Amino acid sequence: MKKTLLLLVTLILISFYGYSGDKKIYSWKDKNGISVFSDTPKPGAQEIKLTNQSLSMPTVDTSILDEQQPAAVKSYKAVISSPADQGTVRENTGSVYVTSRITPRFENGFKIQLLVDGAPYAEPSNISTFALREVNRGEHTLQLKLFDPQGSVVSVSPVSTFYMHRASSL
């Protein structure tokens, strides 16, 4: 009886071993040329023959994946778009609209300050268009400063000169 039971248990274990070894692996390349491995066959897939039942992969050092890469420092560029450098503004009310361009687009917390004739026009703000009023006749210079959230200057535009033409008050 013991021999029969032992023989029966041995046959069951051997059948499980044979069943687990009967799994097949298929390989094919996807539309991007990447190799894909699966236990489900697909048209055009090739069956992979395994010579060893116990597969072991070499260990891979994954600690390099945990390192924080330093953020790339963006190089900002500030430019006055309007009025054009060396351009003339003809406006009897003395109004001038100054538009600027910051590349790449500046992030939240950044502020822009306009300098008119070397002096700050207003406090730094997040608006890149300025309306100047009562600008006197003659030559004027414009320049922009771009500040990061900590208040450090990250970019300064080249000086742009424009000429204001207004009707004489005489």
Side-chain angles (χ1 to χ4, degrees), residues 25-48 55-170:
I25 298 176
Y26 301 92
S27 171
W28 67 90
K29 297 220 185 245
D30 69 2
K31 63 182 179 184
N32 297 322
I34 309 257
S35 295
V36 178
F37 296 91
S38 175
D39 60 353
T40 306
K42 185 176 179 179
Q46 296 178 347
E47 182 179 344
I48 305 293
L55 296 175
S56 64
M57 298 287 292
T59 59
V60 176
D61 180 18
T62 60
S63 64
I64 60 170
L65 301 174
D66 299 333
E67 293 180 22
Q68 292 292 334
Q69 297 293 332
V73 177
K74 291 183 180 177
S75 177
Y76 289 94
K77 183 178 179 184
V79 176
I80 295 176
S81 304
S82 173
D85 187 32
Q86 301 299 318
T88 299
V89 176
R90 290 178 172 82
E91 177 61 48
N92 287 333
T93 65
S95 297
V96 178
Y97 296 96
V98 179
T99 58
S100 61
R101 186 176 59 242
I102 310 295
T103 52
R105 184 179 170 143
F106 63 95
E107 302 166 6
N108 285 338
F110 280 62
K111 297 199 182 277
I112 302 171
Q113 185 173 41
L114 177 66
L115 303 174
V116 179
D117 296 328
Y121 175 71
E123 292 296 315
S125 70
N126 60 354
I127 299 171
S128 62
T129 302
F130 305 90
L132 307 179
R133 304 283 183 226
E134 299 297 324
V135 177
N136 293 326
R137 294 169 57 178
E139 179 181 321
H140 297 281
T141 60
L142 301 171
Q143 190 172 31
L144 292 171
K145 287 187 179 181
L146 178 66
F147 298 91
D148 67 8
Q150 292 75 33
S152 301
V153 176
V154 293
S155 181
V156 177
S157 74
V159 175
S160 177
T161 303
F162 76 96
Y163 303 93
M164 184 69 179
H165 283 218
R166 294 177 67 175
S168 175
S169 59
L170 297 178

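As the structure is a computational prediction, the values presented were derived from the model and not from experiment. Side-chain atoms are counted along with the backbone in the values below, which use heavy atoms only and exclude waters and symmetry mates.
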Inset, instruction - Determine, step by step, whether Leu142 and Val96 satisfy the side-chain contact (heavy atoms from CB on, under 4.5 Å) criterion, reporting the C-alpha distance in whole Å, the side-chain angles of both residues, the deciding distance to 0.1 Å, and the verdict. - result: CA-CA 11 Å; Leu142 301 171; Val96 178; 5.6 Å; no
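- Here the CD-NE2 distance, from Glu91 to His165, works out to 13.0 Å after rounding to the nearest 0.5 Å.
- Residue Ile112 comes nearest to Leu144 through the heavy atom pair CG2-CD2, 3.7 Å, listed as atom of the first residue, atom of the second, then distance.
- Counting heavy-atom neighbours within 6.0 Å of Gln86 CD, excluding the residue itself, gives a total above 12.
- The heavy-atom pair separating Ser81 from Ser100 by the smallest distance is OG-C, 3.9 Å.
- Taking each heavy atom of Thr40 and Tyr26 in turn, the nearest pair found is C-CD1, 3.8 Å.
- Looking at every heavy atom in both residues, Thr161 comes nearest to Glu139 through CG2-CG, 3.5 Å.
- Listed for the Asp148 side chain is no donor-acceptor partner under 3.5 Å among the backbone atoms of Phe110.
- Two residues are said to be in side-chain contact when any heavy atoms from C-beta on lie closer than 4.5 Å; Ile80 and Phe162 fail this criterion.
- Atom OG of Ser95 sits about 7.0 Å away from atom CD of Glu134, to the nearest 0.5 Å.
- For the pair Lys145/Leu115, a side-chain contact is recorded, criterion being any heavy-atom separation below 4.5 Å from C-beta on.
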Throw together a table of side-chain donor-acceptor distances under 3.5 angstrom for residues 120-130, partners on residues two or more places apart or in other chains.
unit_1: Tyr121; atom_1: OH; unit_2: Ala131; atom_2: O; d: 2.8
unit_1: Ser125; atom_1: OG; unit_2: Ile127; atom_2: N; d: 3.4

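- Proximity of Val116 to Val98: side-chain heavy atoms (C-beta onward) are nowhere separated by under 4.5 Å.
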Inset, instruction - Using the side-chain contact (heavy atoms from CB on, under 4.5 Å) rule, take Val156 and Gln143 through it: C-alpha gap first, then chi angles, then the decisive distance, then the call. - result: CA-CA 7 Å; Val156 177; Gln143 190 172 31; 3.2 Å; yes
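- The heavy-atom pair separating Ser160 from Pro83 by the smallest distance is OG-O, 3.9 Å.
- Side-chain contact check for Trp28 versus Ser38: some heavy-atom pair is nearer than 4.5 Å.
- Across all their heavy atoms, Ser155 and Ala78 have their closest contact at OG-N, 3.3 Å.
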